Each structure stands twice: as structure tokens, then as C-alpha cells.
Amino acid sequence: MKIALVGNGAIAKLVSEFCATSAGRLTVVAALGLPSDVRSVGKHPIVQSLAELLAFNPDLVVECAGHSAVVAYATPVLEAGLDLVIVSTGSLADAALWQTVRTAASRSKGRVKLPAGALPGIDALSAARLAGLTTVTLRSSKPPKAWKGTPAEKTHDLDAITEPTVIFSGNARAAALTFPKNANVAATAALAGLGFEATTIMLVADPGITQNVHHLEAAGAFGSMTLRISANPSPDNPKTSHMAALSIMRLLENEASAIVI
Ligand SMILES: NC(=O)c1ccc[n+]([C@@H]2O[C@H](COP(=O)([O-])OP(=O)(O)OC[C@H]3O[C@@H](n4cnc5c(N)ncnc54)[C@H](O)[C@@H]3O)[C@@H](O)[C@H]2O)c1
């Protein structure tokens, strides 16, 4: 299977290393980057336009770049009839963009595939939805310094926080739009479960942790579940959980495999 990447960073590197170990089942043919991406993170060539990327005739395109890449490339990739994996799911909190992407996918033979990313239990949440969910709450905790450069700086003295402090509480759409750099897990929970309006998100600055900790609780006709992940960062990007790349690898493995799990 020929894979084209959009992005040339931490996730792209791990995914391309994984594909290189797949004994030819998964081949990264090229990656699309920004003009600053002059050196590829893998053995594949790096290009600067979608036309150049699609000229490699990929079977599937993996976005691992950021929200602006979803805005720029999701629709044309789908219009080209290709499957598209979107890891920057937070971009889909923009209702107009999500509608555009859904419309493009419904008219295309290509499909949008959303990996679990950094969040655990997306398979269970998505299955539970089929019987009816009543509540979904995600509590995402990070060390106080990880919230620097976000709107939390305006509402809290992050250097003075000595105990776990809720810096945002609201629905998934507000969380994703207010904290776009931390939006992906909120959006993935919403898309798999109860939607952006009905999913409750709490963002927490916790001086007692060094990892990012996501705590997902859901209830419904299926019963209830509690899932917690303490996520290690990617080797090349402390802001990205290693799980994000691993979840794409799992998706690609399933695409190329006789057994899907
Ligand atoms: N779903 C999740 O749980 C989850 C978790 C972590 C990260 N992510 C998403 O994955 C993205 C990539 O993560 P990363 O750690 O590899 O980031 P990174 O910063 O290491 O790499 C991003 C790469 O994409 C390129 N890029 C950015 N905008 C682009 C555009 N418009 N067109 C083409 N290339 C572009 C950059 O130049 C860089 O090469 C993040 O921006 C984030 O949105 C999702």
C-alpha cells in the first residue's frame, strides 16, 4: 500500500520508520511539507504542493501536520478519490470545515479515517454510542508549564499553581476552539461519542504530574466506563503523545492486514 504523508515532523518520522519495517506492505512514497521542511524525516522525497504529492499515486493520504493542513488539503484529497487519515481532529471543531469535509467524503469514493490519537477507549466509546450514551466527560491534565502560551495564561498564574487546578470547563467545541493546540483529544472524544455540544471537557493544570494524563468517563445503555492514560511524549516532539503516532501505525497495519483489530 502506497502512503502519502502531509507533514514532516515527529509523527511523520515515526510513521515512516514503522512503514520501513513492514516488509514492503506499507511504503511511504512522499510527504508534503511547508517550505521550511527542506529535509525529509524519512527516506521518501518531500514536496511542496498537493499536485506533486498526488503524482506519486498514493492509495491513502495521512495528515499529520496540523489544523491548517486539514483546511488546505482535506477536501482536494477526497475529491481526488483518496482515503484520508486526519490526526489533527481538533480542526473539525470548526462546524463549517467539518461539514465541508463530510460533504466531500460523501461524494468521493475516498473515506475519512479518524485515528484514536492520544486518547484511549475510542473503540469502546464509538461502540457504546450505538446503544445510546448519556454522558461523556474527558478530564485532560498537564503540568502547569504545558499550558503556557494558551489562554490559561490570562486566567491563571501558572507558575503559582500548587495543586490540580481546572483551567477550563465546558463543552468540547468550546474547548477545541479556545485551546486549539490542545483540541485534538477533546474533538476525538466528541466525534466518537456524543458530539461537540454534549461532551464535557475539563482541562487541568496539575503540578503533581510530568506526563499528559487523559481521564475519560462515559455512561449509557452499555453501562459505564472509566479510562485513564498517562501518555509519554514522542521522542521528537514533547507536545505530541507517542500514542498519536502509534494509533496511526495501528490504523495502517489494519489497512494492510488480513486480520483487523
Ligand atoms: N489526535 C491526536 O490525539 C493528536 C495528538 C498529537 C498531535 N496531533 C496532531 O498531529 C499534528 C502533527 O504532530 P507532530 O508532533 O508531528 O507535529 P510537528 O510539529 O513535529 O510536525 C508538523 C509537521 O507538519 C508540517 N506542517 C504544518 N502545517 C503544514 C501545512 N499546512 N502543510 C504541510 N505541512 C505542514 C510542519 O512543517 C512539520 O513538518 C499536530 O499538529 C496535531 O494537530 C493529534
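Computed from a predicted structure; not experimentally measured. Every number for a ligand or one of its atoms is a count from 1 in the order of the listing.
Annotation: side chain of Leu133 is in contact with side chain of Leu125 (closest heavy-atom distance under 4.5 Å). Counting heavy atoms from C-beta on, the side chains of Ile122 and Leu114 never come closer than 4.5 Å.
Less than 4.0 angstrom separates some heavy atom of Asn8 from each of these atoms of ligand 1: 23 (C), 24 (O), 38 (C), 39 (O). Residue contact check: Ser88 has heavy atoms under 4.0 Å from atoms 9 (C), 10 (O), 11 (C), 42 (C), 43 (O) of ligand 1. Set against the non-hydrogen atoms of Tyr73, the atoms of ligand 1 under 4.0 Å away are 32 (N). Atoms of ligand 1 lying under 4.0 Å from any heavy atom of Gly117, numbered from 1 in the order shown and given with element: 1 (N), 2 (C), 3 (O). Within ligand 1, counting atoms from 1 as listed, the ones closer than 4.0 Å to a heavy atom of Asn237 are 14 (P), 15 (O), 17 (O), 18 (P), 19 (O), 20 (O). Each of the atoms 12 (C) of ligand 1 lies under 4.0 Å from some heavy atom of Cys64. Interface atoms of ligand 1 facing Gly66, defined by a heavy-atom separation under 4.0 Å, are 41 (O), 43 (O).
Comparing heavy-atom distances from atom 1 (N) of ligand 1 across Val87, Asp236, Ile248, Val6 singles out Val87 as nearest. Between atom 22 (C) of ligand 1 and the options Ser40, Ala245, Pro35, Ala65, the minimum heavy-atom separation is to Ala65.
By the criterion of a heavy-atom distance under 4.0 Å, the side chain of Asn184, and not its backbone, is placed next to ligand 1. The part of Asp37 lying near ligand 1 is the side chain, judged by heavy-atom distances below 4.0 Å.
If you check which protein heavy atom lies closest to atom 30 (C) of ligand 1, you get Leu34 CD2, 3.6 Å. Nearest protein heavy-atom neighbour of atom 16 (O) of ligand 1: Ile11 N, 2.9 Å. Among all non-hydrogen protein atoms, the one lying nearest atom 21 (O) of ligand 1 is Gly9 CA, 3.2 Å. For atom 20 (O) of ligand 1, the closest non-hydrogen atom of the protein is Ala10 N, 2.9 Å. Annotation: atom 5 (C) of ligand 1 to nearest protein heavy atom, Ala244 CB, 3.4 Å. The protein atom (non-hydrogen) at minimum distance from atom 15 (O) of ligand 1 is Thr240 OG1, 2.6 Å. The nearest protein atom to atom 31 (N) of ligand 1, hydrogens excluded, is given as Ser68 OG, 3.0 Å; this is a heavy-atom distance.
For residues 95-120, every residue pair satisfying the side-chain hydrogen bond (donor to acceptor under 3.5 Å, both in side chains) rule, not counting sequence neighbours, is listed here: Asp83-Lys113, Gln99-Thr103, Lys113-Glu255.
One finds the NZ atom of Lys154 at 13.0 Å from the CD1 atom of Ile167 (value rounded to the nearest 0.5 Å). Here the OG1 atom belonging to Thr27 is positioned 8.0 Å from the CD1 atom belonging to Ile3, to the nearest 0.5 angstrom. Between the OG atom of Ser230 and the NE2 atom of His215 there is a distance of 11.0 Å, given to the nearest 0.5 Å.
Within a 6.0 Å sphere centred on NZ of Lys2, other residues, nucleotides and ligands contribute more than 12 heavy atoms. Counting heavy-atom neighbours within 6.0 Å of Glu197 CD, excluding the residue itself, gives a total above 12.
Side-chain N or O atoms of Glu63 include one that pairs as donor or acceptor with a backbone N or O of Gly66 at under 3.5 Å.
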*Go through the steps for Glu217 and Arg139 under the test salt bridge (Lys or Arg N to Asp or Glu O under 4.0 Å), then give the verdict.*
CA-CA 8 Å; Glu217 288 188 4; Arg139 185 180 163 100; over 6 Å; no

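Polar contact with ligand 1: present for Ala118 (N/O pair, distance under 3.5 Å).
A chain of hydrophobic side-chain contacts below 4.5 Å, direct or via other Ile, Leu, Val, Met, Phe, Trp or Tyr residues, connects Val71 to Leu82. Val29 and Leu50 fall within the same hydrophobic cluster, where Ile, Leu, Val, Met, Phe, Trp and Tyr residues are linked whenever their side-chain heavy atoms come under 4.5 Å apart, directly or through other members.
For the pair Gly33 and ligand 1, a heavy-atom separation below 4.0 Å is found.
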